[in-house]
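A short worksheet on the structure shown next.
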Amino acid sequence: MIDVKDLTENPDKYRASQRARGADEALVDSIIAADVRRRGSLTEYETLRAQQNAFGKKVAAAKGEEKQALLAEVKDLAQKVKAAQASAEEAQGEMDQLMRVVPNLIVEGIPAGGEDDYTVVKTVGTPRDFAAEGFEPRDHLEIGELLGAIDIERGAKVSGSRFYFLRGVGARLEIALLQMAMDQAVQNGFIPMITPTLVRPETMQGTGFDVAHDAEIYRLAEDDLYLVGTSEVPLAGYHADEILDLAGGPIRYAGWSSCYRREAGSHGKDTRGIIRVHQFNKVEMFVYCPQEEAEAEHARLLAWEEEMLAKVELPYRVIDTAAGDLGMSAARKFDCEAWVPTQGRYRELTSTSNCTGFQARRLNIRERVLDAEGSSRGTRAVATLNGTLATTRWIVAILEHHQNADGSVNVPAALRPYLGGLEVLPVL
RNA sequence: GGAGACGUGCCAGAGCGGCCGAAUGGACUUCACUGCUAAUGAAGGGUCCGGGGAAACUUGGACCGGGGGUUCAAAUCCCCCCGUCUCCGCCA
């Protein structure tokens with residue numbers, strides 16, 4: 001949810017943001033109009049209600065005939081109050097509906113346009129030249145099968161397409177990767193969390209995912225519960241309806257969870273291997289901080305992601321996502337994309353979003369505003385940010401980039417302690 | 001799955017349909033007092049949404065788990081939902 005007050009005061013800023021996203025600019029004016037209607041009908045209702053309250057006090061004090069007379073008089077007022085209340089609620093409802101569809105205000109200066117309009121922030125490392133090394137690289141699935149690490153066929157047998165088993169060194173590699181991510185997070189002051197992966201509709205909605213329309217979400221209709229696509233969802237909901245004390249700095253969580261995605265709109269895309277799957281594991285960073293610190297924190301999250309990528313020794317690039325390719329909640333998003341040799345292109349391994357106050361406003365997560373004397377001047381929304389530290393997909397890039405001619409895979413040095421010192425994943 | 005109890009402010013905990021935004025403790029903040037701490041005394045606080053005001057502030061409405069209903073009037077009565085706890089059953 002965006003800040004209505006800010007929108008009514010600076011509509012041009014929001015029009016520009018909508019334009020950059022390729023979204024509806026007129027929405028801004030619809031909101032301003034709806035807000036005027038809302039306030040008008042609210043004032044009307046409150047005035048009547050004040051009269052009724054005053055009457056109520058008189059009725060309570062009166063006795064006998066006098067009381068009966070007052071009751072007769074106030075009955076009519078009660079009807080008016082009811083009607084005014086109904087129209088005030090209706091106006092509020094219209095407002096709420098509009099507010100649900102406005103995406104977050106983007107950070108000024110990010111690239112405008114759609115999926116292909118990102119800018120490359122930097123490129124780190126160089127893709128391996130397999131031609132020069134004299135062998136044709138195998139893709140991650142072929143390697144995974146040689147190592148006995150990935151079993152797609154039985155995944156499909158048991159659960160259908162886009163499901164898989166990680167086995168043997170594959171399973172160990174994933175655990176090692178996630179464990180290394182958790183350790184790094186803890187070293188950086190994050191609180192480790194293992195979260196629920198089924199959440200209520202309010203939590204899903206509050207985080208910015210539309211339970212009713214989002215085709216990506218698995219639903220358990222019977223129970224009105226929803227499978228999360230990322231632990232960002234439960235970690236955002238964690239502090240819902242709370243007033244946080246951020247005096248001691250940002251509150252940082254590292255969530256370890258399975259993630260579930262229907263991949264409804266991606267038939268035929270990435271059907272081979274484990275690039276795009278219905279279920280995977282992830283370590284996610286999630287931060288609550290004051291809004292003015294959000295951009296600096298965003299840079300830190302990106303740096304922590306890059307630290308992980310450095311540990312697994314992968315060549316990658318960082319992109320600044322264009323406005324139109326941002327989710328509803330994000331004001332800015334950086335993706336780290338690792339080079340996947342057999343695809344000849346960079347593929348997303350991490351994604352970090354600055355959601356400014358958008359999620360916090362929906363989830364009612366605030367902090368106190370203090371004046372110079374240190375006494376409370378009310379509250380305001382905090383900022384929330386998230387970023388990936390490791391996921392199952394990383395295995396794709398690791399297997400491919402670190403492969404040898406015989407199909408075995410060299411283990412990056414930082415990962416070895418998590419694999420009992422293993423230096424090479426051997427072909428079976 | 002069955003039976004029951006409960007859900008009130010930061011915490012504990014009262015609350016008769018109108019005098020209840022809510023007693024009383026504790027915690028907290030400020031002030032006073034004792035040489036400091038402790039103790040004691042006094043005072044003060046919540047959140048959300050409107051109106052007025054540059055602001056300090058002021059004024060109105062709403063909020064007693066959530067949503068409906070009854071009533072001139074609901075923390076209080078009724079219904080539904082959510083949650084917590086206890087007992088039984090079931091599965092581990």
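Each chain gets a letter, A, B and so on, in the order the sequences are listed, and its residues count up from 1. The structure presented is a predicted model; accordingly, all values stated were derived computationally and were not measured.
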If you measure from the Lys or Arg side-chain nitrogens to the Asp or Glu carboxylate oxygens, is any gap between A:Arg100 and A:Asp210 under 4.0 Å? no

Could you pull out all donor-acceptor pairs under 3.5 Å where a side-chain atom in residues 163-185 of chain A meets a protein atom, sequence neighbours excluded?
unit_1	atom_1	unit_2	atom_2	d
A:Tyr164	OH	A:Gln279	O	2.7
A:Arg167	NH1	A:Gly148	O	3.2
A:Arg172	NH2	A:Leu419	O	3.2
A:Glu174	OE1	A:Thr392	OG1	2.7
A:Glu174	OE2	A:Asn281	ND2	2.5
A:Gln179	NE2	A:Asp183	OD1	3.2
A:Asp183	OD2	A:Tyr418	OH	2.7
A:Gln184	OE1	A:Lys311	NZ	2.9
A:Gln184	NE2	A:Trp304	O	3.0

RNA chain B contacts among residues 93-103 of chain A, heavy-atom distance under 4.0 Å: none

With both distances under 3.5 angstrom, what nucleotide forms a Watson-Crick or G-U wobble pair with B:A62? B:U47

Does B:C48 have OP1 or OP2 under 4.0 Å away from a side-chain N or O of A:Thr379? yes

Between A:Arg362 and A:Gln359, does any side-chain donor sit less than 3.5 Å from a side-chain acceptor? no

Just label B:G45 as syn or anti from its O4'-C1'-N9-C4 or O4'-C1'-N1-C2 angle, using within 90° of 0 for syn. syn

Does any nucleotide pair with B:U70 by Watson-Crick or G-U wobble geometry, both distances under 3.5 Å, and what is it? none

With a 3.5 Å limit on both atom pairs, tell me what B:U86 is paired to, counting Watson-Crick and G-U wobble, or say none. B:A3

Quick one: look up who B:U40 pairs with, Watson-Crick or G-U, both distances under 3.5 Å, and put none if it's unpaired. B:A32

Scan residues 37-44 of chain A against RNA chain B and write down, sorted by residue number, each residue with any heavy atom closer than 4.0 Å; if none is found, say none. A:Arg38, A:Arg39, A:Leu42, A:Thr43

Side-chain donor-acceptor pairs of residues 110-118 of chain A under 3.5 Å, sequence neighbours excluded:
unit_1	atom_1	unit_2	atom_2	d
A:Asp117	OD2	A:Gly114	N	2.7
A:Tyr118	OH	A:Arg317	NH2	3.2

Please collect all ring pair (Phe, Tyr, Trp, His ring centres under 6.0 Å) contacts where either partner lies in residues 242-265 of chain A, sequence neighbours excluded, each pair once. A:Tyr238-A:Tyr253, A:His239-A:Tyr253

Base versus backbone protein contacts along nucleotides 62-82 of chain B [heavy-atom cut-off under 4.0 Å; B, S, -]: S---------BSS-------S

